[in-house]
Amino acid sequence: MSLTKVLGEIQSLYASSQLPIRNEVWYILTAVVLSTMNKAQDIPTVYKTVEQSVPEKEDQVQVMMRLREGIFKTFAIVGYPRVINSLAALQGAAPSEILAKLPTQPIRSESSWQDIVQERERGNQLFDAIYERHSSRVRQHMHTAYPDLAQTAINQLYGPILSETSIINAKETSLIMVAGLLAQDVPAQLRGHRYGALHQGATQQDLTRVEKLVDLLSRYYGSA
């Protein structure tokens, strides 16, 4: 089975979404899983598949922005090296006229201490929204494992990375986390983020689709 056929099967999982293609989440989750699996070389195929379905240049720019932000957010769970490789592969797939229309400045402003304080406040709010009544226990667990762990999670991951929602919203971000954790087979973290996704507006159907998406890609690369 070709990757193109697998992408078609993934897209069919979201056939009832009724959203414009540029606003769908399947292609972002697919790119996230490929990045997590260290398959950056196949991310251009995802972009080209979506590009063929959105002839308008402005829509193609939106697709590119959403893919970049979705992949970037996986830094929180897979680390920088794979994110760098995946974003570089994506950059190489886009036509020059699309690249020329992309923002050239960071969407995360840290030009003042107030910016950083606000990011950290958003990070705390997001952490509490995900873990709800378990929030304090999870924080304490990380602190006990290593005091810097909880502090870094809030100040460097949840704050500036995950709580930024101008391109990828909170529900989509939660599904990105679930997809990446599923692909890595880390059930302890996955459990919390599955519940967190529900707290962020995802449905059980959303989670089931993510599971099927990851399974399709895992079986494809397992047999490739």
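The shortest distance between side-chain heavy atoms of Tyr221 and Leu34 falls below 4.5 Å. Side-chain atoms of Met37 and Ser218, non-hydrogen and from C-beta on, do get closer than 4.5 Å to each other. Annotation: side chain of Val50 is not in contact with side chain of Arg22 (no heavy-atom distance under 4.5 Å). You'll find the side chain of Glu56 stays beyond 4.5 Å of the side chain of Gln60, heavy atoms only. Counting heavy atoms from C-beta on, the side chains of Ile71 and Ile43 come closer than 4.5 Å. In this structure the side chain of Leu217 reaches within 4.5 angstrom of the side chain of Ile10, judged on heavy atoms. In this structure the side chain of Leu216 reaches within 4.5 angstrom of the side chain of Arg219, judged on heavy atoms. Using a 4.5 Å cut-off on side-chain heavy atoms (C-beta onward), Ile77 and Gln184 make contact.
Although no hydrogens or angles enter the test, the distance criterion places a donor-acceptor pair under 3.5 Å between the side chain of Ser2 and the main chain of Lys5.
Within a 6.0 Å sphere centred on NZ of Lys212, other residues, nucleotides and ligands contribute 12 heavy atoms or fewer. Taking a 6.0 Å sphere around CD of Gln204, one finds it holds more than 12 heavy atoms contributed by other residues, nucleotides or ligands.
The ring-ring contact (aromatic ring centres under 6.0 Å, His included) contacts involving residues 149-174 comprise Phe127-Tyr158, where partners must be two or more places apart or lie in separate chains. Each ring-ring contact (aromatic ring centres under 6.0 Å, His included) pair with one or both residues in residues 29-75, not counting sequence neighbours, appears once here: Phe75-Tyr80. Applying the salt bridge (Lys or Arg N to Asp or Glu O under 4.0 Å) test to pairs two or more places apart or on separate chains, none has a residue in residues 26-37. Listed by first and then second residue, the salt bridge (Lys or Arg N to Asp or Glu O under 4.0 Å) pairs involving residues 134-157 are Asp128-Arg139 (not counting sequence neighbours). Sorted pairs that involve residues 85-117 and meet ring-ring contact (aromatic ring centres under 6.0 Å, His included), not counting sequence neighbours, are lacking altogether. Within the structure, every pair that satisfies the salt bridge (Lys or Arg N to Asp or Glu O under 4.0 Å) test and touches residues 185-197, not counting sequence neighbours, is listed here: Arg194-Glu211. Residue pairs that meet the ring-ring contact (aromatic ring centres under 6.0 Å, His included) test with at least one member in residues 174-207, sequence neighbours left out, are Tyr131-His193. Pairs of residues two or more places apart, or lying in two chains, that qualify as salt bridge (Lys or Arg N to Asp or Glu O under 4.0 Å) and include a residue from residues 60-75 are Arg66-Glu172, Glu69-Arg108.
Ser111 and Asp115 form a side-chain donor-acceptor contact under 3.5 Å, judged by distance and modelled atom types alone. Using a 3.5 Å distance cut-off with no hydrogens or angles, the side chains of Asp42 and Thr45 do not pair a donor with an acceptor. Judged purely by distance below 3.5 Å, without hydrogens or angles, the side chains of Ser166 and Glu164 pair a donor atom with an acceptor atom. For the 3.5 Å distance criterion, the side chains of Gln140 and Ser136 fail to qualify, holding no donor opposite an acceptor.
In this structure, CH2 on Trp26 lies 13.0 Å from CG on Leu19, to the nearest 0.5 angstrom. With values rounded to the nearest 0.5 angstrom, Leu99 atom CG is found 12.5 Å from Thr104 atom OG1. Note that CD of Gln11 and CG of Leu213 are 11.5 Å apart. Values are rounded to the nearest 0.5 Å. Between the CG atom in Asn85 and the NZ atom in Lys39 there is a gap of 13.0 Å [rounded to 0.5 Å]. Taking CG of Leu157 as the reference point, atom OG1 of Thr152 lies at 7.5 Å (rounded to 0.5 Å). Separating the CD atom in Gln200 from the CD1 atom in Ile130 is a distance of 5.5 Å, to the nearest 0.5 Å.
Residue Val83 is grouped with residue Ile107 when hydrophobic side chains (ILVMFWY) are merged at heavy-atom distances under 4.5 angstrom, including chains of intermediate members. One hydrophobic cluster holds both Val186 and Ile176 under the rule that ILVMFWY side chains link at heavy-atom gaps under 4.5 Å.
Annotation: side-chain contact (heavy atoms from CB on, under 4.5 Å) contacts of Lys101 (sequence neighbours excluded): Lys57, Glu58, Val61. Not counting sequence neighbours, Tyr146 has no partner by the ring pair (Phe, Tyr, Trp, His ring centres under 6.0 Å) test. Scored by the salt bridge (charged side-chain N to carboxylate O under 4.0 Å, His left out) test, Arg82 finds no partners at all (sequence neighbours excluded). With sequence neighbours excluded, no residue forms a side-chain hydrogen bond (donor to acceptor under 3.5 Å, both in side chains) with Thr30.
Taking each heavy atom of Ile168 and Gly70 in turn, the nearest pair found is CG1-N, 4.0 Å. Closest of all the heavy-atom pairs between Ala197 and Leu207 is CB-CD2, 4.0 Å. Minimum heavy-atom separation, Ala183 to Val33: CB-CG1, 4.1 Å. Residue His143 comes nearest to Ala150 through the heavy atom pair N-CB, 4.2 Å, listed as atom of the first residue, atom of the second, then distance.
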